[in-house]
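Inspection log for the structure reproduced underneath, given as structure tokens.
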Amino acid sequence: MKDKQVRVRFAPSPTGPLHIGGIRTALYNYLFARKNKGVMVLRIEDTDQNRSMPGTEEYIMKSLEWCGIRFDEGVREGGPYGPYRQSERKSLYEQYAMKLIEKGHAYYAFDTAEELEQMRKRQEAGGFKLTGYNQQSRLEMKNSLTLDKEDVQQRINNCEKYVIRIRIPENEEIKVFDEVRNWVNVDSSTMDDKVLFKSDGMPTYHLANVVDDHMMKITNVIRGEEWLPSLPLHALLYKYLGWENEMPDFAHLPLLLKPDGKGKLSKRDGDRLGFPVFPLQWKDPKTGEIYSGYRESGYFPEAFVNILVFLGWNPGTEQELFTMEELIDAFTLERVGKSGSRFDPEKAKWFNHQYLIGKSNAELATQYEKILKKKKIEISVAYVEKVVGLIKERANFVSDFWEQSKFFFIAPEDYEEKLVKKKWKENTPDILRDISAMLMDISDFSRDSIEKTVKDYIEEKELGMGQVMIALRLCLVGSGMGPDLFAIMELLGKKEVIQRVQRGIENIGG
RNA sequence: GGCCCGUUCGUCUAGUCAGGUCAGGACGCAAGAUUUUCAUUCUUGUAACAGGGGUUCAAAUCCCCUACGGGCUACCA
């Protein structure tokens with residue numbers, strides 16, 4: 001297995017949008033593939049026709065693309081092991097189910113839903129420890145183990161519905177190896193005879209998964225921990241199909257938990273948790289309900305990836321910010337944790353902030369301009385870039401920019417009352433008129449010369465810095481927030497500054 | 001109920017395999033410093049080995065039990 005080219009797959013079922021847990025699984029697969037110079041496959045597991053939801057396959061691909069996760073083979077890319085949609089591979093599976101029957105490892109079962117229900121009730125009433133269709137109960141059901149040959153053949157000839165179940169051996173210790181948890185032992189007697197092939201002619205996950213992974217030459221299966229209980233079943237399948245020696249290595253990832261501590265995160269959690277569970281906004285085609293996405297919430301894809309990768313993995317160093325390339329370099333399955341983790345919205349914001357301040361003013365300005373355009377503000381890129389440079393440290397998202405910088409584009413309409421009460425004195429208007437006049441005379445209206453002028457004036461008149469500056473800020477910004485006032489003045493320009501001071505004096509009065 | 005997996009600050013985690021530094025970092029929170037304001041930044045602080053038994057000179061680390069959490073238990077994946 002070691003010399004072969006590494007091939008991994010991400011195999012979602014299109015039953016709904018991918019949530020952040022699914023993205024993380026895809027991400028780990030991707031990192032593992034790239035790290036080992038391997039191939040990444042996207043396989044769509046649509047064996048349950050009833051649960052398929054329109055649009056989700058497209059959604060899955062768009063989401064992964066947004067995250068920067070690329071596939072080498074898949075439904076869109078094609079490849080030598082296609083088709084990559086299980087519904088299109090339907091005809092492939094039956095022969096393997098038949099092979100298992102021939103070898104005595106599987107059997108036909110003709111039980112109806114009602115009969116299965118009755119079986120369950122009997123077991124419940126009897127207080128059985130082991131429940132399900134198992135080595136004990138299969139003897140009292142309608143299947144090719146209990147029925148005679150002719151009867152079975154006749155039922156099949158009559159087109160009676162049947163499923164094919166695996167025949168789990170008795171009292172066999174099954175040892176399976178998981179890359180993150182090491183050896184897991186299971187007594188086969190506690191397992192049940194899972195359906196491998198459904199009456200609609202489709203395989204179940206278990207069969208399709210094993211067959212496809214084998215046919216697609218998958219070397220490493222990296223999937224969620226919810227699959228760990230079926231690993232012994234899959235191991236048995238590999239063995240019975242004669243593929244034991246080519247069985248892939250398995251790694252089961254710890255689950256993402258709900259922050260309120262009840263169970264694993266699920267698609268149904270939507271926005272209930274106070275943060276999105278989906279990468280991209282999703283509109284439920286049935287209900288029309290809209291669920292928010294990280295992209296629409298203003299997260300950068302690099303930040304999103306960085307947030308997710310740390311939910312269950314860490315590099316063992318103190319580095320927290322990673323580009324995709326750095327992640328590929330640093331990623332190993334050995335450093336994947338064993339316990340489930342909760343998403344922390346606060347830390348997520350911090351990550352985005354880190355990426356935001358790391359971006360160039362030009363890039364941020366381009367994004368901010370889209371928002372400004374919607375507000376019907378047309379202004380030079382150079383100006384927006386300068387604004388962004390002054391405020392980006394104060395924001396987590398580009399969508400925070402407006403709140404942080406609107407005074408650069410529109411003069412304040414009203415003035416923060418508390419501050420007016422506290423700092424706007426009787427003589428304030430006179431002081432501001434003095435300053436206004438002095439600013440008028442500055443030929444080089446730069447931050448430094450404004451600062452010098454104002455400070456000299458304050459010193460000369462023996463005034464308090466705070467008193468004057470806050471009054472000025474009120475006129476220019478409208479409130480007590482914002483970056484350095486001299487920088488604001490330089491950007492606004494002489495004319496605008498003087499106008500705003502004028503208006504401030506008139507509006508606040510005195 | 002049964003089977004399987006897990007458990008270190010509020011959260012993400014390092015440290016566990018090869019037992020021995022005040023249990024380290026980050027987010028958050030708090031305080032202080034800086035500042036014309038808010039924020040940033042900087043400094044400091046806050047706070048954890050689930051519990052109990054062993055083994056050992058020595059246990060977060062190895063073993064056992066208990067508790068708690070999670071997953072699975074469909075002709076769903």
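Only this structure's heavy atoms are used, side chains among them; waters, hydrogens and symmetry mates stay out. Lettering of chains follows the sequences in order, A, B, ..., and the numbering in each one begins at 1.
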Quiz prompt | Any Trp282(A) side-chain heavy atom under 4.5 Å of Pro285(A) side chain | solution = yes

Would you indicate what [X] reaches in the nucleic acid, counting non-hydrogen atoms under 4.0 angstrom: base, sugar-phosphate, or nothing?
X	result
Gly312(A)	sugar-phosphate
Asn134(A)	nothing
Phe310(A)	sugar-phosphate
Thr317(A)	nothing
Val184(A)	sugar-phosphate
Pro12(A)	nothing

Aromatic ring pairing [X]/[Y], orientation class (parallel under 30°, perpendicular over 60°, tilted between):
X	Y	value
Phe331(A)	Tyr28(A)	tilted
Tyr108(A)	Tyr162(A)	perpendicular
Trp227(A)	Tyr205(A)	parallel

Atom [atom1] of [X] to atom [atom2] of [N]: distance rounded to whole Å?
X	N	atom1	atom2	value
Ile470(A)	rA39(B)	CD1	P	13 Å
Gln135(A)	rG2(B)	CD	C1'	14 Å
Lys338(A)	rA60(B)	NZ	P	20 Å
Lys423(A)	rU35(B)	NZ	C1'	13 Å
Gln467(A)	rU37(B)	CD	C1'	14 Å
Glu115(A)	rC75(B)	CD	P	13 Å
Glu226(A)	rA77(B)	CD	P	13 Å
Leu255(A)	rC12(B)	CG	P	14 Å

Could you give the distance separating [M] and [N] at their [atom1] atoms, to the nearest angstrom?
N	M	atom1	answer
rC12(B)	rA47(B)	C1'	15 Å
rG10(B)	rG51(B)	P	13 Å
rG1(B)	rC63(B)	P	26 Å
rU44(B)	rC49(B)	C1'	25 Å
rG32(B)	rC72(B)	P	49 Å
rU66(B)	rG24(B)	P	33 Å
rA31(B)	rC68(B)	C1'	36 Å
rC3(B)	rU11(B)	P	30 Å

What does [N] pair with, Watson-Crick or G-U, if both distances are under 3.5 Å?
N	value
rC3(B)	rG71(B)
rC27(B)	rG10(B)
rC17(B)	none

Run the salt-bridge test on [X] and [Y] with the 4.0 Å N-O cut-off and return the result as yes or no.
X	Y	result
Lys264(A)	Glu225(A)	no
Lys386(A)	Glu490(A)	no
Glu117(A)	Arg120(A)	yes
Asp344(A)	Arg342(A)	no
Arg43(A)	Glu45(A)	yes

Among [options], the nucleotide that comes nearest once only the side chain of [X] is considered:
X	options	value
Ser339(A)	rA77(B), rG6(B), rG71(B)	rG6(B)
Glu320(A)	rG71(B), rG24(B), rA26(B)	rA26(B)
Val186(A)	rG71(B), rA77(B), rC3(B)	rC3(B)
Val195(A)	rC12(B), rC75(B), rA77(B)	rC75(B)
Leu485(A)	rG1(B), rC12(B), rU36(B)	rU36(B)
Arg473(A)	rU36(B), rC27(B), rA77(B)	rU36(B)
Ser341(A)	rA77(B), rG24(B), rC12(B)	rC12(B)
Met465(A)	rC75(B), rU36(B), rG25(B)	rU36(B)
Arg51(A)	rU36(B), rA77(B), rC4(B)	rA77(B)
Trp350(A)	rU7(B), rA26(B), rC4(B)	rA26(B)

Practice problem: Determine, step by step, whether Asp193(A) and Arg167(A) satisfy the salt bridge (charged side-chain N to carboxylate O under 4.0 Å, His left out) criterion, reporting the C-alpha distance in whole Å, the side-chain angles of both residues, the deciding distance to 0.1 Å, and the verdict. | Solution: CA-CA 6 Å; Asp193(A) 291 354; Arg167(A) 183 181 178 172; over 6 Å; no

Tabulate below the donor-acceptor pairs under 3.5 Å that side-chain atoms of residues 473-484 of chain A make, not counting sequence neighbours, or state none.
| from | atom 1 | to | atom 2 | distance (Å) |
| --- | --- | --- | --- | --- |
| Arg473(A) | NH1 | Met481(A) | O | 2.6 |
| Arg473(A) | NH1 | Gly482(A) | O | 3.4 |
| Arg473(A) | NH1 | Pro483(A) | O | 3.3 |
| Arg473(A) | NH2 | Pro483(A) | O | 2.9 |
| Ser479(A) | OG | Met481(A) | N | 3.4 |
| Asp484(A) | OD2 | Phe486(A) | N | 3.0 |
| Asp484(A) | OD2 | Ala487(A) | N | 2.9 |

Quiz prompt | Charged tip of Arg155(A) within 45° of Phe110(A) ring normal and under 6.0 Å | solution = yes

Counting only pairs under 3.5 Å, give me each side-chain donor-acceptor contact of residues 396-403 of chain A, with atom names and distances, residues two or more places apart or in other chains.
| from | atom 1 | to | atom 2 | distance (Å) |
| --- | --- | --- | --- | --- |
| Asp400(A) | OD2 | Asn396(A) | N | 2.9 |
| Asp400(A) | OD2 | Phe397(A) | N | 3.1 |

Quiz item: So which of residues 208-215 of chain A are in contact with RNA chain B, with a heavy-atom cut-off of under 4.0 Å?
Solution: none

Quiz item: Which salt bridge (charged side-chain N to carboxylate O under 4.0 Å, His left out) pairs, counting each pair once, include a residue from residues 350-360 of chain A, with sequence neighbours left out?
Solution: Glu302(A)-Lys359(A), Lys359(A)-Glu363(A)

Self-check item: Residue pair Met119(A) / Ser137(A): nearest heavy atoms and the distance that separates them
Solution: SD-OG, 3.7 Å

Under 3.5 Å, which protein N or O atoms sit close to an N or O of nucleotides 15-18 of chain B? Give each pair with its distance.
| from | atom 1 | to | atom 2 | distance (Å) |
| --- | --- | --- | --- | --- |
| rG15(B) | OP1 | Arg335(A) | NH1 | 3.3 |
| rG15(B) | OP1 | Arg335(A) | NH2 | 3.3 |

Taking N or O atoms only and anything under 3.5 Å, show me the protein contacts with nucleotides 44-46 of chain B, one pair per line.
none

